[in-house]
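Read the structure below first, then the notes.
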Amino acid sequence: MDMDKLVSLCKRRGFLFQSSEIYGGLNGFWDYGPLGVELKRNVKEAWWRDMVSGHDELTVSGGAPSTFDMVGLDCTIIMHPQVWKCSGHFDLFCDFMVDCTESKKRYRHDQVRGRWVTYREQKVFVTTMAEADKEQGELEAKALKFFNIRAKDADKLAWDGDSVSLATINDTKQVLAPDAKTLGTLTDPREFNLMFKTIVGALGTAEDAAFLRPETAQGIFVNFKNVVDSSRVAVPFGIAQIGKSFRNEITPRNFTFRSREFEQMEIEFFCKPASSPQWYKYWRDRRYQWYLDLGLPRERLQLRDHHADELSHYSCGTADIEYAFPFLPAGEFGELEGVAHRGDFDLRSHSEGKLTKDAEGKLIVELGPDGKPKHRGSGKDLSYFDAEAKERYVPHVIEPSAGADRATLAFLCEAYTEDKVPDENGNPRERTLLKLNPRIAPIKAAVFPLVKKDGMPEAAQKIYRALKKQFNVFYDEGGAVGRRYARQDEVGTPYCITVDGETLQNGSVTIRDRDSLKQWRIKADDAVAEVTKLLNPAGS
RNA sequence: GCGGGUGUAGCUCAAUGGUAGAGCGGCUGCCUUCCAAGCAGCAUGCGAGGGUUCGAUUCCCUUCACCCGCUCCA
């Protein structure tokens, strides 16, 4: 599929526009047009319905270890700055980077490592990005090349001290950058703010700095106690939230895939530590199935477990649900949702202070240079008393975190179809259509009078008004009926109802299926019942 | 952030140092009894800023955005 064609259709038909387009646009920001907002709302509402409001806490659903509760939450985008310090975002999202003017490469300042070495009175700091086990070999090879000496004379190099991070070096003039041949090609370290900074208070000073949330999850963790105390939920239970998040992506690209302002659909599921692996598996499989049910095919959707070395420092297991977006190279997949087993990292961090892993892999409070906690927690007890088991523990957390915009984009990509249908003379003609699942289609049905006379518009309008009470439907009486069908196909409307001459005789109308072009007759009075039936097939 | 490319109507494209045209789409009317038909008419544009010039959509600079590659991807 040609991505440009989809982007063009999205703009032409009002699904997606570039933000601030009349001013030249803004990199990484996108607006949803009249049809796009319907589509995205339908995606979010399907998620909320399927995960939260439609959840049956009385029945053990397929694959779940037990029954469980689900509730929702809607938190603010701006929270106490300490939230981001304890969550780990503050440390991770405020990186210092250095650029190499020779190789044009960019490095995380603290990740560049090197050693001082002297040869014939010249002392330089040789650096590399190599892994620890290959580091010394790399450094020696680079030093030999720089001083232009043979490998057999390697013992003439005088090494001084162990390998250290570039962050400990003040004099960049004597630094040989990892991919450079000459000295002093690195810029001074510059701060990269991956979180959006803002000011709280009209007289904003530096102390009033706050951040727009980079994820909705933390609002759930900091409200854990409020929800437990107020809503009669018992572990195991989940708290769900849909909302905007903000990240300064370094390279926003690929349409809405990597936007700087985006919407998340997140669940934090709290469970007993011992049963958390089962819950992890449950959520991972259930979330994968959700995308299949809404129309992404198994061939283009994969559930990929992270390797151990890919896991975040707090995670005991993470799987990504990934879709083969057409803008990616063949065989590559892009993340739609991450399902992470986060252990008790978040609740404990917000209670005790930001945690880190010690040498044995145990979570301990991270200390600053002064020996005190680097980021102080709230000091509030976020443990849970399990009345059934008569024990107190900090629940473990499973986090299915989905991108609403990415899901919407994936459904659009998958729906985009070109086929050939017979024209009025029976010759094949190119057609563009969106084969959207009717559940998420922006318009559920269109109603047409076959021609604009003989009372057909009046009859069609009556059907339109009846349908409109329950569904987003569209009325169109202009031009040839074939053109009106084509327009609806292009925006993914699953059904078209047409009033014709027979309607006036016997009260029947035709109803047409978008994908198959099949038409059948129903009673005009049954239009609402028929569309309701089609949109709610048995078993769902 | 770097390198390369691109930027003209809603979309796809053309032409030009003397302020732009087509196809498709859109709108109005006529016609039209089932898949973008026909006829008549209408509307809409040189991404932004600056410079050179009598005059810039065209040449130059800057900027913004998009695409490709690198980097980044918490």
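Order of the sequence lines sets the chain letters (A, B, ...), proteins ahead of strands, with each chain counted from 1.
RNA chain B forms stems at B:1-7 with B:64-70, B:10-13 with B:21-24, B:26-30 with B:38-42, B:47-51 with B:59-63, each a run of 3 or more consecutive Watson-Crick or G-U wobble pairs whose two key distances fall under 3.5 Å.
Whole-Å rounding puts the A:Arg484 CZ to B:rU33 P distance at 12 Å. Computed from coordinates, the A:Met3 CE to B:rU12 P distance equals 14 Å when rounded to whole Å. As a whole-Å value, the separation of A:Glu249 CD from B:rC72 P is 14 Å. In this structure, A:Ile522 places its CD1 atom 16 Å from C1' of B:rC34, rounding to the nearest Å. Taking atom CD on A:Glu424 and atom P on B:rC35, their separation rounds to 7 Å, with Å as the unit. The nearest whole Å value for the distance from the CZ atom in A:Arg514 to the P atom in B:rA36 is 18 Å. Rounding to whole angstrom units, CZ of residue A:Arg260 and P of B:rC73 are separated by 15 Å. Following rounding to the nearest Å, A:Asp489 (CG) and B:rG25 (P) show an atom-to-atom distance of 15 Å.
If you check every strand for non-hydrogen atoms under 4.0 Å, A:Arg487 touches sugar and phosphate atoms only. A:Leu517 comes within contact range of at least one nucleobase, with a heavy-atom separation under 4.0 Å.
For A:Gln18, taking side-chain heavy atoms from C-beta onward, the closest of the listed nucleotides B:rA65, B:rA37, B:rA74 is B:rA65. Comparing B:rC67, B:rC35, B:rA65 by their closest approach to the side chain of A:Arg253 singles out B:rC67. Checked against B:rA65, B:rC34, B:rA36, the side chain of A:Gln519 finds its nearest nucleotide in B:rC34.
Using C1' as the reference atom, B:rC11 and B:rU52 are 35 Å apart when rounded to the nearest Å. B:rC46 and B:rG17 are spaced 14 Å apart, taking the C1' atom of each and rounding to whole Å. Separating the C1' atom of B:rG10 from that of B:rG47 is a span of 16 Å, rounded to the nearest Å. The gap from the P atom of B:rU12 to that of B:rC66 amounts to 15 Å, rounded to the nearest Å. Across the P atoms, B:rU63 and B:rG4 are found 14 Å apart, a figure rounded to whole Å. Between B:rC24 and B:rU16, the distance separating the two C1' atoms is 24 Å to the nearest Å. For B:rC30 and B:rC68, the C1' atoms lie 50 Å apart once the distance is rounded to whole Å. The same atom, C1', is picked in B:rA9 and in B:rU44; the two are 5 Å apart, to the nearest Å.
Contact check, A:Asn27 against B:rC64: no side-chain N or O comes under 4.0 Å of OP1 or OP2. Note on A:Lys452: every side-chain N or O is 4.0 Å or more away from OP1 and OP2 of B:rU32.
Sorted by residue number, the members of residues 503-512 of chain A with any non-hydrogen atom under 4.0 Å from RNA chain B read A:Thr510, A:Arg512.
In this structure, a donor-acceptor pair under 3.5 Å is present between the side chains of A:Asp500 and A:Thr503. Checking A:Asn506 against A:Ser508 by side-chain atom types alone, a donor-acceptor pair falls below 3.5 Å. Under the 3.5 Å distance criterion, with hydrogens and angles disregarded, no donor-acceptor pair is assigned to the side chains of A:Gln218 and A:Ser87. Side chains of A:Glu322 and A:Gln302: a donor on one and an acceptor on the other come within 3.5 Å.
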Protein-nucleic acid N or O pairs under 3.5 Å, nucleotides 38-43 of chain B:
none

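For B:rC34, the base has a donor-acceptor partner in the side chain of A:Asp500 [N/O atoms by modelled type, under 3.5 angstrom]. With hydrogens and angles ignored, no donor-acceptor pair closer than 3.5 Å exists between the side chain of A:Arg247 and the base of B:rC73. Looking at A:Tyr23, its side chain has no donor and acceptor atom pair within 3.5 Å of the base of B:rC64.
Checking A:Met456 against A:Ala486, the closest nucleotide of RNA chain B that is more toward the 5' end is the one next to A:Met456. Place A:Gly28 and A:Arg13 on RNA chain B by their nearest nucleotides, and A:Arg13 ends up nearer the 5' end.
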Query raised in the report: Nucleotide by nucleotide, 5' to 3', does protein get under 4.0 Å of the base (B), only the sugar-phosphate (S), or neither (-) in nucleotides 6-11 of chain B, counting heavy atoms?
Result: ----SS

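Taking a cutoff of 4.0 Å between a charged side-chain nitrogen and a carboxylate oxygen, A:Glu418 and A:Arg431 do not qualify as a salt bridge.
The side-chain contact (heavy atoms from CB on, under 4.5 Å) test with A:Leu409 is passed by exactly one of A:Trp30, A:Phe325, A:Tyr323: A:Phe325.
Within the structure, ring pair (Phe, Tyr, Trp, His ring centres under 6.0 Å) contacts touching residues 476-509 of chain A (residues at least two apart or in different chains) are A:Phe448-A:Tyr485. Residue pairs meeting the side chain to side chain donor-acceptor pair (under 3.5 Å) criterion with at least one member in residues 471-480 of chain A, sequence neighbours excluded, are A:Gln461-A:Tyr475, A:Tyr475-A:Glu477, A:Asp476-A:Arg487.
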